[in-house]
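First comes the structure, then the notes that go with it.
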2 protein chains.
Amino acid sequence: MTSDGTVGKALEVLDQVAAFGRPVRFSEVLARSDFPKPTLYRFLQTLTNQDMLAYDPDRQTYSPGIRLVRLAHAAWEQSTLAPIARPHIDALSAAVGETVHLAQLDHAQVLYIDKRNANNPVQMFSQAGKVGPAYCTGVGKVMLAFSDPARIDAVIDQQSFHRFTPTTLTDARTLRDELTAIRANGYGFDREEHEPGIICIAMPILSDAGRVLGALSVTSTTGRTNLAGLESYVPILSDTAAAIARDAQNWSFPDHDTKEATGR
Amino acid sequence: MTSDGTVGKALEVLDQVAAFGRPVRFSEVLARSDFPKPTLYRFLQTLTNQDMLAYDPDRQTYSPGIRLVRLAHAAWEQSTLAPIARPHIDALSAAVGETVHLAQLDHAQVLYIDKRNANNPVQMFSQAGKVGPAYCTGVGKVMLAFSDPARIDAVIDQQSFHRFTPTTLTDARTLRDELTAIRANGYGFDREEHEPGIICIAMPILSDAGRVLGALSVTSTTGRTNLAGLESYVPILSDTAAAIARDAQNWSFPDHDTKEATGR
DNA sequence: AACTAAGTTTCACATAATGAAACCTTGTTG
DNA sequence: CAACAAGGTTTCATTATGTGAAACTTAGTT
């Protein structure tokens, strides 16, 4: 499980480079890696050849490569809720005039899939692709709350419970209590748990079978509204989530009746 | 070069799956693949284990996986012009009130890196991560025009010259003439060459050394303006391109102040 | 029940990955 | 400017891994 052969190891290296969040030198990766020098060196070479990494010869640094951007576009269109949810999110965003997020759970983290700013629409990877902690975001807690117990345990196990603000939930117990409350309620809040002044209301997107497909949230600031204000969005949020879930289940790719006029 | 060992082969499979543009069954991939059945099978398993592919057990289909979205975010922030160009593009978009694109050349294709929609948005094919043809887009031709001769030859060699509209350039000769004209001019147009009714003006982003870093474009419709109208944007486009190039060359990552996990 | 196509597993064999050691190359120091 | 590091690259015998023909197991016909 730790390793899917050579390919798994290479991808581990790729992740390690990406994890730095900035271009890195060979020796820096080496210091954090379990691989011996020549092995790591060969992986970096291979990944660079393959455009999975980009190498800057001047600075002698590696960073995640452009091929990933191409591949991710395909992933985003085929393996996420984003394309299905798009019209619904547009409508929601227009209706509430606040920032809207669409997220999915990826292992123990929240992965933001799409976003609408009230003002400037559609900025894809600028937000989408970003990951955040599950335990202190509205979407994270809501998705967790409706996951099956085994999953909840696994995810909670991996949380670091870093205190971002005074209201951050900082241990498993309080988080579990919060999850129970969310389950009872049907939706959840972020009470400035991640960033001071930032609050949100989050709604799970559930399949008919009750499986968590993702989550929606409407974010605002304490200067503009409060939790009670956000709560007034519950009906539209719940309708939107239901609509997305319905579409997701009826959706199958344009099998043969392809229009695809928009070329490549 | 064809193959970087096992890792290269696995990534080839990943590309093949992504190329379908929709979830695919094992046998479909097999039909297009040179790999023998069990080999391909194992690659798909490995990639799925690694979340580079997602497997839908109901439909028995593979599609590009969610891990790619995470990785691409890192790539987008570190290996593209997008983060540097962002404020400049915001300003440009606000100033001209039309759709603005930022693109880079990826092999023989145009890769859209970022985009700003106009206030009155035109529905179009482009998005960050999406690829387009180099020979019939403003950004593509402009980037090509300022590339070195060897590169131009290589890229032209790989173009398919599909006729999208009546004005599409459909052979290497006319394209080369157009590139010469663009080089003389300093910028280029898309004269409804890709989509009817869609025109644009494109400006290369060049380093001091004259290397092509990317390209910018302002897109509109024949209903709203014409080429002469777009040409009035030349000064602001050229200033913006210069500003981006300058920032790109002075850019170095926040070296030591690591404040990880501030994710949104 | 008999057939078929798609998907999965096995296993002897060949290839490709491995990493200790040696080797460059560039920048630093006495 | 010789001697030294430190970071980066190459070599090569050893071993682990990947390979794919064939056999097998479903699931879906007719």
Side-chain angles (χ1 to χ4, degrees), chain A residues 1-20 22-65 78-79 252-253 255-256, chain B residues 1-17 19-20 22-65 78-79 252-253 255-256 258:
Chain A
M1 180 88 260
T2 310
S3 157
D4 272 304
T6 314
V7 175
K9 293 179 202 170
L11 294 175
E12 196 184 324
V13 171
L14 182 60
D15 259 355
Q16 274 184 104
V17 173
F20 277 88
R22 60 177 172 83
V24 274
R25 297 183 63 110
F26 173 69
S27 52
E28 298 182 275
V29 187
L30 182 61
R32 295 220 189 160
S33 172
D34 292 333
F35 297 109
K37 213 205 264 195
T39 303
L40 179 66
Y41 180 72
R42 249 178 301 106
F43 278 139
L44 290 174
Q45 291 235 117
T46 304
L47 290 168
T48 303
N49 270 334
Q50 294 289 329
D51 283 334
M52 298 296 277
L53 288 177
Y55 181 66
D56 178 341
D58 295 332
R59 300 174 187 273
Q60 292 193 119
T61 54
Y62 298 88
S63 41
Q78 294 176 46
S79 295
S252 84
F253 258 81
D255 272 344
H256 301 297
Chain B
M1 181 85 255
T2 309
S3 159
D4 273 305
T6 315
V7 176
K9 293 179 201 170
L11 294 175
E12 195 185 325
V13 170
L14 182 59
D15 260 355
Q16 273 183 106
V17 172
F20 276 87
R22 60 176 172 83
V24 274
R25 298 183 62 110
F26 173 69
S27 51
E28 298 182 274
V29 186
L30 182 61
R32 295 222 189 156
S33 172
D34 293 333
F35 297 109
K37 213 205 268 197
T39 302
L40 180 66
Y41 181 73
R42 249 178 302 105
F43 278 138
L44 291 175
Q45 291 235 116
T46 303
L47 291 168
T48 304
N49 271 333
Q50 294 289 329
D51 283 333
M52 297 298 276
L53 289 176
Y55 181 67
D56 178 341
D58 296 331
R59 302 176 187 270
Q60 292 193 119
T61 53
Y62 298 88
S63 40
Q78 294 177 46
S79 296
S252 87
F253 259 82
D255 270 344
H256 301 301
T258 342

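Per chain, numbering begins at 1; letters A, B, ... match sequence-line order. In what follows, every heavy atom counts, from backbone to side chain, and hydrogens, waters and symmetry copies are set aside.
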Below 4.0 Å: OP1/OP2 of C:dG7 and any side-chain N or O of B:S27: yes

Phosphate OP1/OP2 of D:dG18 contacted by B:T6 side-chain N/O (<4.0 Å): no

Spacing of A:D4 atom CG relative to D:dT17 atom C1', expressed in whole Å: 13 Å

Candidate nucleotides C:dT18, D:dG20, C:dG7, ranked by approach to the side chain of B:T39 - the nearest: D:dG20

Sugar-phosphate only, base, or nothing, as touched by A:P38 at under 4.0 Å among non-hydrogen atoms: base

A:R25 vs D:dG7: side-chain N/O to OP1/OP2 distance below 4.0 Å: no

Side chains of A:R59 and A:P23 in contact at under 4.5 Å (non-hydrogen atoms): no

Interatomic distance where CG belongs to B:L30 and C1' belongs to C:dA6 [whole Å]: 10 Å

Whole-Å distance separating the CG atom of A:L44 from the P atom of C:dT18: 13 Å

Side chains of B:F43 and B:T6 in contact at under 4.5 Å (non-hydrogen atoms): yes

Side-chain heavy atoms of A:F20 within contact of B:Q78, under 4.5 Å: no

Atom pair distance, as rounded to whole Å: CZ in B:F26 and C1' in D:dA27: 16 Å

Distance test, side-chain N/O of B:Y41 to OP1/OP2 of C:dG7, below 4.0 Å: no

Plane angle bin for B:Y55 and B:Y62 - parallel if under 30°, tilted between 30 and 60°, otherwise perpendicular: tilted

Nearest listed nucleotide, side chain of B:Y62, among C:dT18, C:dT8, D:dG8: C:dT8

From B:L11 atom CG to A:L11 atom CG, the distance as rounded to the nearest 0.5 Å: 7.0 Å

Residue-phosphate contact under 4.0 Å: A:R42 side-chain N/O, C:dT18 OP1/OP2: yes

Integer-rounded Å distance: D:dT19 P and B:L40 CG: 11 Å

Atom-pair distance (CG on A:D58; P on D:dG7), nearest Å: 20 Å

A:K9 side chain near C:dT18 phosphate (N/O to OP1/OP2, under 4.0 Å): yes

Selection from C:dT18, D:dT9, D:dG18 that lies nearest to any side-chain heavy atom of A:K37: D:dT9

Interatomic distance, B:E28 CD vs C:dG7 C1' [rounded to whole Å]: 14 Å

First of A:Q45 and B:F43 reached from the 5' end of DNA chain D, by closest nucleotide: A:Q45

